Amino acid sequence: SISVVIAGGGSTYTPEIILMLLANLDRLPLRCIKLYDNDGERQGKLASAVKILIEERDPSIEFVATTDPKIAYTDVDFCLAHIRVGQLPMRELDEKIPLKYGVVGQETCGPGGLAYGLRSIPGVIENIDYMEKYSPNCWMLNYSNPAAIVAEACRRLRPHSRVINICDMPIGLEDSFARILGFKSRKQLDYRYFGLNHFGWYTSVKDPDGNELLPKLVEHELKYGNTMPGESMDDYTDHTWYDTALKVKDIVSLDPSMAPNSYLQYYLFPDDMVAHSDPQYTRANMVMDGREKRVFGECARIAEAGTAEGTSLRIGIHAEFIVDLATALAFNTHERMLLIVPNNGAIENFDPKAMVEIPCIVGKDGYEPLSIGTIPTFQKGLMYEQVCVEKLVVDAYEQHSYLKMLQAMSLSKTVPSANVAKKILDELIVANEGYWPEL
Ligand code: G6P
């Protein structure tokens, strides 16, 4: 059976991922679960509760929480990596600094996403190096954000490492599609998709008999986005996601032959997104005041009570992709999954060296991308601009280059002028002292 380490053990997402792993022991039997974080204090607040969750489900599973990379990475088969360099207070700055200048403030899109990218690269590379040193056969299932820039850094800086970059966003979208089309599970449908991470389009959604349902899906989206008729903000506990689901309507209207990833809203309608943001209170604040308090509070309660009975912690449904991916690698299931991989000709008329998000077949030797063919001019143009932005951030990291970072920010579709790009960059440099290489 299998041993896993969760890198970024102190994440608010960790307990629900643990519950997801524990709910799937029949598919993915585990002998050991480790939590690893460089912030031992933060991780410690979750670890006592996680220990109880595991013991109550299966006392034969060994549990370790550590800040020592050697202990963390020795004798592990999978590393589930979801590190957040700078934690939520730095996310807050990524979001608020651009908004001060009327530019999209988001953790993976726009200047804040680029800032976060530059911060994340050394942390991800450090973890890959520990993994290779202590467990050379381990696979890293990497969903650390911002996934697109992190993936490009992996391609360039650690091209031969056993790292698979993956994002949960498609799972959330496919859940909505299944709901809209009247299916119980996203797994009943077959999808075709191409794009970059947080930047792509579904070109086909088929039912189990092979009937094409995309026109029906798009017709719905043009009216209701990814919400259901009659649904309102009150039906959503998370209002940010309600807005995102609704906005899909506008994105689809630009090309009704495809069902888009909702993050395209930040690139195609940055003015609307900014108008809709509160520069004083962003998503980071919502997460710190909401999920962080809830999860840490509940973990403290469990630790105090000595039992997880009646816990309000829920299985992270979106984290199911991690179990699917690990199971595919461990047991050669040949599951088809969307991964972020080198294009290498899969999209014929696109940069072979771009990291793209496309369907792949996953088995014990890794993944094989499916061929996509050619893509239309509108999507290709948008993607090429964005992929160059992502590449420039990795250039900036490698060359310690202010100019490359300025070019990245000026090229981003979310930034209206190079004047604004420079102001935002200069402020982000100060905010990221100690995290960024010296530019
Ligand atoms: C989605 C995205 C992730 C992102 C997350 C943020 O799942 O795919 O890339 O990290 O949302 O969620 P949060 O609740 O922290 O804003």
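Both ligands and their constituent atoms are indexed starting at 1 by order of listing. Only heavy atoms go into these numbers, but all of them, side chains included; no hydrogens, no water, no symmetry mates. Numbers for residues simply follow the sequence, beginning at 1. Just so it is clear, the model here is predicted, and its values are computed rather than measured.
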Check whether any side-chain N or O of T227 sits under 3.5 Å from a backbone N or O of Y224 as a donor-acceptor pair, and report yes or no. yes
Side-chain (T203) to main-chain (M258) donor-acceptor, under 3.5 angstrom: no
Between E132 and R158, is the closest basic N to carboxylate O distance under 4.0 Å? no
Is any side-chain N of the basic residue among K423 and E427 closer than 4.0 Å to the acidic one's carboxylate O? no
Name the closest protein heavy atom to [atom], giving the residue it belongs to and the distance to 0.1 Å.
atom: atom 12 (O) of ligand 1; result: Y13 OH, 3.1 Å
atom: atom 9 (O) of ligand 1; result: N145 ND2, 2.8 Å
atom: atom 8 (O) of ligand 1; result: D168 OD1, 2.6 Å

Find all atoms of ligand 1 within a distance of less than 4.0 Å from any non-hydrogen atom belonging to [X], and give their numbers and elements.
X: M169; value: 8 (O)
X: C167; value: 8 (O)
X: R283; value: 13 (P), 14 (O), 16 (O)
X: Y263; value: 1 (C), 2 (C), 11 (O)
X: R291; value: 13 (P), 14 (O), 15 (O)

Is there at least one pair of N or O atoms, one from R84 and one from ligand 1, spaced under 3.5 Å apart? no
State whether the shortest distance between N or O atoms of W241 and N or O atoms of ligand 1 falls below 3.5 angstrom. no
Distance under 6.0 Å and angle within 45° of ring axis: R291 vs Y13: yes
Are K247 and F269 in a cation-pi contact, defined as NZ or CZ under 6.0 Å from the six-membered ring centre and within 45° of the axis? yes
Could you check whether D250 and Q265, counting side-chain N and O atoms only, form a donor-acceptor pair closer than 3.5 Å? no
Tell me, yes or no, whether the heavy-atom count around K391 atom NZ, taken from other residues, nucleotides or ligands under 6.0 Å, exceeds 12. yes
Given that the side chain starts at C-beta and the backbone is N, CA, C, O, which of these parts of A147 lies under 4.0 Å from ligand 1, counting heavy atoms, or is it both or neither? neither
Residue part near ligand 1, for R91, under 4.0 Å between non-hydrogen atoms: side chain
Sequence neighbours excluded - side chain to side chain donor-acceptor pair (under 3.5 Å) pairs with any residue from residues 40-49: R42-E292
Has T108 got any heavy atom lying under 4.0 angstrom from an atom of ligand 1? no
Heavy atom of Y143 under 4.0 Å from ligand 1? no
The option among E292, H82, E107 carrying the non-hydrogen atom nearest to atom 6 (C) of ligand 1 is E107
Test log, rule ring-ring contact (aromatic ring centres under 6.0 Å, His included), inputs Y202 and F194: CA-CA 7 Å; Y202 286 84; F194 72 89; 9.8 Å; no
